[in-house]
Amino acid sequence: MSVKECGHHSKGRGKLLRKIIAGILIFLLVVLITILIIWAILRPNKPRFILQDTTVYGFNTSVPNFLTSSFQVTVSSRNPNDRIGIYYDRLDIYATYRNQQITPRTSLPPTYQGHKEVNVWSPFVYGNMVPISPDFSLALGSEQAAGSVFLTIRIDGRVRWKVGAFISGRYHLYVRCPAYITFGSRSNGFVVGDNAVKFQFVTRCSVSV
């Protein structure tokens, strides 16, 4: 084979390779555009969380700058979408007071939530001698003595959306649920066990994704 014929063969293979690469890129572009169009049409809505109740087993502010507390909270989540499922890959729940974390995080089990489905969790959230700032310690003690403390039950996590066979990447999930706890003569809870008081809320939580 002459040098000229070899050159023709090399050019032919180069053109074929470029056509194959161009075809693959066009195919991937079409698939991506199709997914984006479907995503825009379906418009996934955020899950809706509700704090149903909180049972207080302990809330001790007697040691300055430390808090010992124990709760059991019931939280429900509803998927409002008709055609989109939700993977909850990670969910951590904890309590805060004036944006300061007062309990360690408790992990909830990963789960998949189908269309219009509802999931309910009832984890225990507790902290033993958790340090808090002196200013917050004074405020917390004063509020408890006055008969009411405003806490926030928070859930941080990662979620994915499922549209047919397509599963999205992971998104951050932030849930904030207000919990108004009352004490003594002002308590509007009811006793459910030894030194345990249950508060019914059915409070809608704020959700950011």
Side-chain angles (χ1 to χ4, degrees), residues 24-57 69-127 130 150-181 189 192 198-209:
I24 293 173
L25 291 175
I26 292 172
F27 173 76
L28 293 176
L29 182 61
V30 170
V31 170
L32 179 60
I33 292 174
T34 302
I35 291 173
L36 290 175
I37 291 173
I38 294 173
W39 190 260
I41 292 172
L42 294 177
R43 288 176 300 182
N45 292 309
K46 297 180 294 186
R48 296 170 184 169
F49 281 76
I50 292 177
L51 177 62
Q52 297 183 353
D53 59 63
T54 298
T55 301
V56 181
Y57 290 91
S69 59
S70 178
F71 313 93
Q72 184 178 19
V73 298
T74 301
V75 180
S76 65
S77 169
R78 179 177 181 270
N79 178 4
N81 298 288
D82 292 319
R83 301 180 181 88
I84 300 176
I86 303 173
Y87 283 102
Y88 294 97
D89 291 333
R90 180 178 62 80
L91 293 172
D92 295 326
I93 187 168
Y94 57 100
T96 64
Y97 172 74
R98 298 189 179 184
N99 293 321
Q100 180 172 353
Q101 186 171 335
I102 59 173
T103 67
R105 295 169 180 252
T106 298
S107 295
L108 303 179
T111 187
Y112 172 75
Q113 190 175 59
H115 319 144
K116 300 292 185 179
E117 284 187 355
V118 175
N119 291 78
V120 180
W121 299 275
S122 293
F124 283 90
V125 181
Y126 55 89
V130 176
F150 183 79
L151 304 178
T152 302
I153 304 299
R154 300 191 178 201
I155 300 174
D156 296 342
R158 301 292 293 273
V159 298
R160 291 177 293 161
W161 310 99
K162 183 178 185 294
V163 184
F166 169 73
I167 300 176
S168 75
R170 289 180 173 84
Y171 290 81
H172 288 282
L173 173 73
Y174 301 102
V175 181
R176 304 294 182 259
C177 307
Y180 190 68
I181 309 298
V192 293
K198 188 172 186 177
F199 298 90
Q200 298 286 144
F201 292 116
V202 192
T203 303
R204 188 164 182 173
C205 310
S206 65
V207 180
S208 300
V209 179

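We're numbering straight along the sequence, starting at 1. All heavy atoms count here, side chains included; hydrogens, waters and symmetry mates do not.
For Ile102, the side-chain contact (heavy atoms from CB on, under 4.5 Å) partners at least two apart in sequence or on another chain are Leu67, Ala95, Tyr97, Ile132, Leu151. Remark: Ser70 pairs with Tyr57, Tyr126 by the side-chain contact (heavy atoms from CB on, under 4.5 Å) rule, at least two apart or across chains.
A donor-acceptor pair under 3.5 Å is formed between the side chain of Asn79 and the backbone N or O of Gly114. At least one donor-acceptor pair under 3.5 Å links the side chain of Gln72 to the backbone N or O of Ser122.
Note that OG of Ser208 and NE2 of His172 are 12.5 Å apart. Values are rounded to the nearest 0.5 Å. How far OG1 of Thr103 is from CZ of Arg154: 11.0 Å, rounded to the nearest 0.5 Å. In this structure, OG1 in Thr152 is found 10.0 Å from OH in Tyr94, a value given to the nearest 0.5 Å. Atoms CD and CZ, from Gln52 and Phe201 in turn, are 12.0 Å apart once rounded to the nearest 0.5 Å. The CZ atom of Arg204 sits 7.0 Å away from atom CD1 of Ile50, with the distance rounded to the nearest 0.5 Å. Rounding to the nearest 0.5 Å gives a distance of 12.0 Å between OG1 of Thr106 and CG of Leu91.
Here the side chains of Asn81 and Lys46 are not in contact, with every heavy-atom distance at 4.5 Å or above. Using a 4.5 Å cut-off on side-chain heavy atoms (C-beta onward), Pro109 and Trp121 make contact. By the 4.5 Å heavy-atom criterion applied to side chains, His115 and Asp82 are not counted as neighbours. Side-chain contact between Tyr88 and Pro47 is present, with heavy atoms from C-beta onward closer than 4.5 Å. In this structure, the side chains of Asp89 and Pro110 stay at 4.5 Å or more apart for every pair of heavy atoms. Side-chain contact between Leu173 and Phe49 is present, with at least one heavy-atom pair separated by less than 4.5 Å. Between Ile86 and Trp161 the shortest side-chain heavy-atom distance falls below 4.5 Å. Using a 4.5 Å cut-off on side-chain heavy atoms (C-beta onward), Ile93 and Ile153 make contact.
In this model, a donor atom of one side chain and an acceptor atom of the other lie less than 3.5 Å apart for Asn119 and Gln113.
Here Arg90 pairs with Asp92 in a salt bridge; the nearest charged N to carboxylate O distance falls below 4.0 Å.
Pro178 and Leu51 get closest at one heavy-atom pair: O-CD2, 3.6 Å.
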